[in-house]
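Below, all heavy atoms of this structure are taken into account, side chains as well, without hydrogens, waters or symmetry copies. Order of the sequence lines fixes the chain letters, A, B, ..., with proteins taken first and strands second; residue numbering starts at 1 for each chain.
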Amino acid sequence: MDDGTGIANNPYGSTVEIFADESVLKEDWQPKELPEREDELEEIRNSLAPATRGVNAHNLFLYGKTGQGKTVAIDHELDLLKEFAAGTDKLELSVVKTSANNQSTSYQLAAHLIKEIRGSGKKPSGIDQQSMFDLLYDELRGLNETIIIVVDEIDSIGSNDDLLYELPRARKNGHLENHWISVIGISNDLEFRDNLSPKVKDSLYDSEIEFAPYNANQLTSILERRAERAFIDGVLADDVIPLCAAFAAQDEGSARQAIRLLYKAGEIALNNEQEAVEESHVREARDILERKRIEEGMRSLTTQDQFALLSVVALETAEETPARTRQVYQKYKSIVTRLDSNQLVERRVRDHLQSLGMQGFLIAETRNRGIQGGNHYRFELKTDLEATLEILSEDSRIDEVVEDLVDIATANGLI
DNA sequence: TCTCCACAGGAAATTGGGGGTT
DNA sequence: AACCCCCAATTTCCTGTGGAGA
């Protein structure tokens, strides 16, 4: 392997080759075709088509969990539509694309859209909602005749959906007399539709398309297409792709997750200087990614969430789990007192505990013991105790408590 | 079948902080 | 300085409920 230049001895000089084009596996890679979503693409096309006939495109809602190709699908079709618009004088098109992530209300979303259209400056604020909407209309008037507004993660707008009511009716209400406007909403939350107010459903719902989770076969095809470009021929063992697909399908059916898994498995093989990617690398990759997901979630907890988690961890180290809300709350109070932080009411701590349950840090099981216990929750730690303590100890606000817990856990032989 | 425990969890009101105008 | 808007987090108040035991 040493060609005499000495480079082969450099620690960066891997002796094995795994990837042909690694960029294909990156998050921002956009596939050119989506054979698994042909039906959905056609539906999108049918909904956008009216724009080419001089009226507004249908309003459209895309539903489906993350990694189902919703965003890719809409981008793909909008690109085609823009291409069409560029080649004809029948359609003057403006597309405004925004993510409602962090824009938790109509007010914020309107402000964000204004900023998006202006292309610079900061978000307007400090005015009342209708003035904000009026400001938005002013900006929209400056755009082309046909306007399509894409709002990704539209579910984060919650129940404050006034803007979604206003926008589709802007022409009818005289706010925008010379424009055709339509809204495309993309949502990960399948229940979002049910929480919308009736008037919004009425004005916004022309059509909706559901992106069902990919099954293992579809994921396999998706991975095969990527792998063909990404990896050198023959480095993937036969069962690697099906296994990645199976893991992802078992979970959320997310293509993104499946691709991450494959990428990670490839990296592991490479880092170990192995010539081929094997099944064991996939399993290792899954464990690493799963752990990373938990760690990231745990690091981004709010202070009060941390206290709630810490309370359960404390009970866990004392081997007193599963514990009902009341016990957790007692522990919570002592922890908060010790840290001299403000103490929340039990009702609120219960919400925090449940949110931790939904994020997968706790097991929250409801039970009913009739006359000797009634209806109640029982909480216990779902994640690995040692790893959890390690992550929590990184936070200086609570590390003194965590250190004590580590001692107790060690004494009890739990870690 | 009826009671009744020990909570769960919905709804409304309050708080406090960020950003603004006049 | 005085006052206005928006909003997430929290508190307050309350009604609802599954099943063990009579």
Reading 5' to 3' through nucleotides 11-22 of chain B, protein heavy-atom contacts under 4.0 Å coded B for base, S for sugar-phosphate only, - for none: --------SS--

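- Between Glu295(A) and Arg291(A) a salt bridge is recorded (basic side-chain N to carboxylate O distance below 4.0 Å).
- Taking 4.0 Å as the cut-off between side-chain N and carboxylate O, Glu284(A) and Lys264(A) do not count as a salt-bridged pair.
- The separation between Phe133(A) atom CZ and dC5(C) atom P is 16 Å, rounded to whole Å.
- Judged by a 6.0 Å distance limit and a 45° cone about the ring axis, Arg347(A) is not positioned over the six-membered ring of Tyr329(A).
- The pair Asp28(A)-Lys26(A) fails the salt-bridge criterion, with no side-chain N (NZ, NE, NH1 or NH2) lying under 4.0 Å from an Asp/Glu carboxylate O.
- Comparing dT10(C), dC6(C), dA6(B) against the side chain of Gln304(A) picks out dT10(C) as the nearest.
- Rounded to whole angstrom, the span from the OH atom of Tyr377(A) across to the C1' atom of dG18(C) amounts to 14 Å.
- A salt bridge is absent between Asp75(A) and Lys82(A); no separation between the charged side-chain nitrogens and carboxylate oxygens falls under 4.0 Å.
- For the contact set between residues 320-342 of chain A and DNA chain C, defined by any heavy atom under 4.0 Å, there are no members.
- A donor-acceptor contact under 3.5 angstrom links the side chains of Tyr263(A) and Glu22(A), judged on distance only.
- The separation between Leu301(A) atom CG and dA9(C) atom C1' is 16 Å, rounded to whole Å.
- Out of dC6(C), dT10(C), dA6(B), the shortest distance to the side chain of Thr105(A) is found at dC6(C).
- Taking atom CG of Asp128(A) as the reference point, atom C1' of dC7(C) lies 15 Å away to the nearest angstrom.
- If you take CD of Gln129(A) and P of dC6(C), they are 7 Å apart, rounded to a whole angstrom.
- Within the 4.5 Å cutoff, side-chain heavy atoms of Leu81(A) are placed close to those of Leu91(A).
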Kindly give the atom pairs (protein nitrogen or oxygen, nucleotide nitrogen or oxygen) under 3.5 Å for nucleotides 20-22 of chain C.
residue : atom : partner   : partner atom : Å
dG21(C) : OP1  : Gln372(A) : NE2          : 2.6

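- Note on Arg293(A) versus Glu290(A): salt bridge recorded, some NZ/NE/NH1/NH2 to OD/OE distance being below 4.0 Å.
- No salt bridge links Glu316(A) with Lys382(A); every basic N to acidic carboxylate O contact stays at or beyond 4.0 Å.
- Rounded to an integer number of Å, the gap from CD of Glu346(A) to P of dT12(C) is 13 Å.
- Just one of Asn412(A), Val406(A), Ile408(A) meets the side chain to side chain contact (heavy atoms under 4.5 Å, CB included) condition when paired with Thr410(A); it is Val406(A).
- Going from atom CG of Leu353(A) over to atom P of dC7(B) covers 13 Å, rounded to whole Å.
- With salt bridges taken as basic N to acidic carboxylate O contacts below 4.0 Å, one links Arg260(A) and Glu27(A).
- Summary of the strand contacts: Gly373(A) and Asp351(A) both lie near DNA chain B, and taking for each the nucleotide with the nearest heavy atom, the more 5' one is attributed to Gly373(A).
- Between His352(A) and dT10(C), a side-chain N or O to OP1/OP2 separation shorter than 4.0 Å is present.
- Rounded to whole angstrom, the span from the OH atom of Tyr107(A) across to the P atom of dC4(C) amounts to 15 Å.
- The minimum heavy-atom distance linking Val402(A) with Leu389(A) is given by the pair CG1-O, 3.5 Å.
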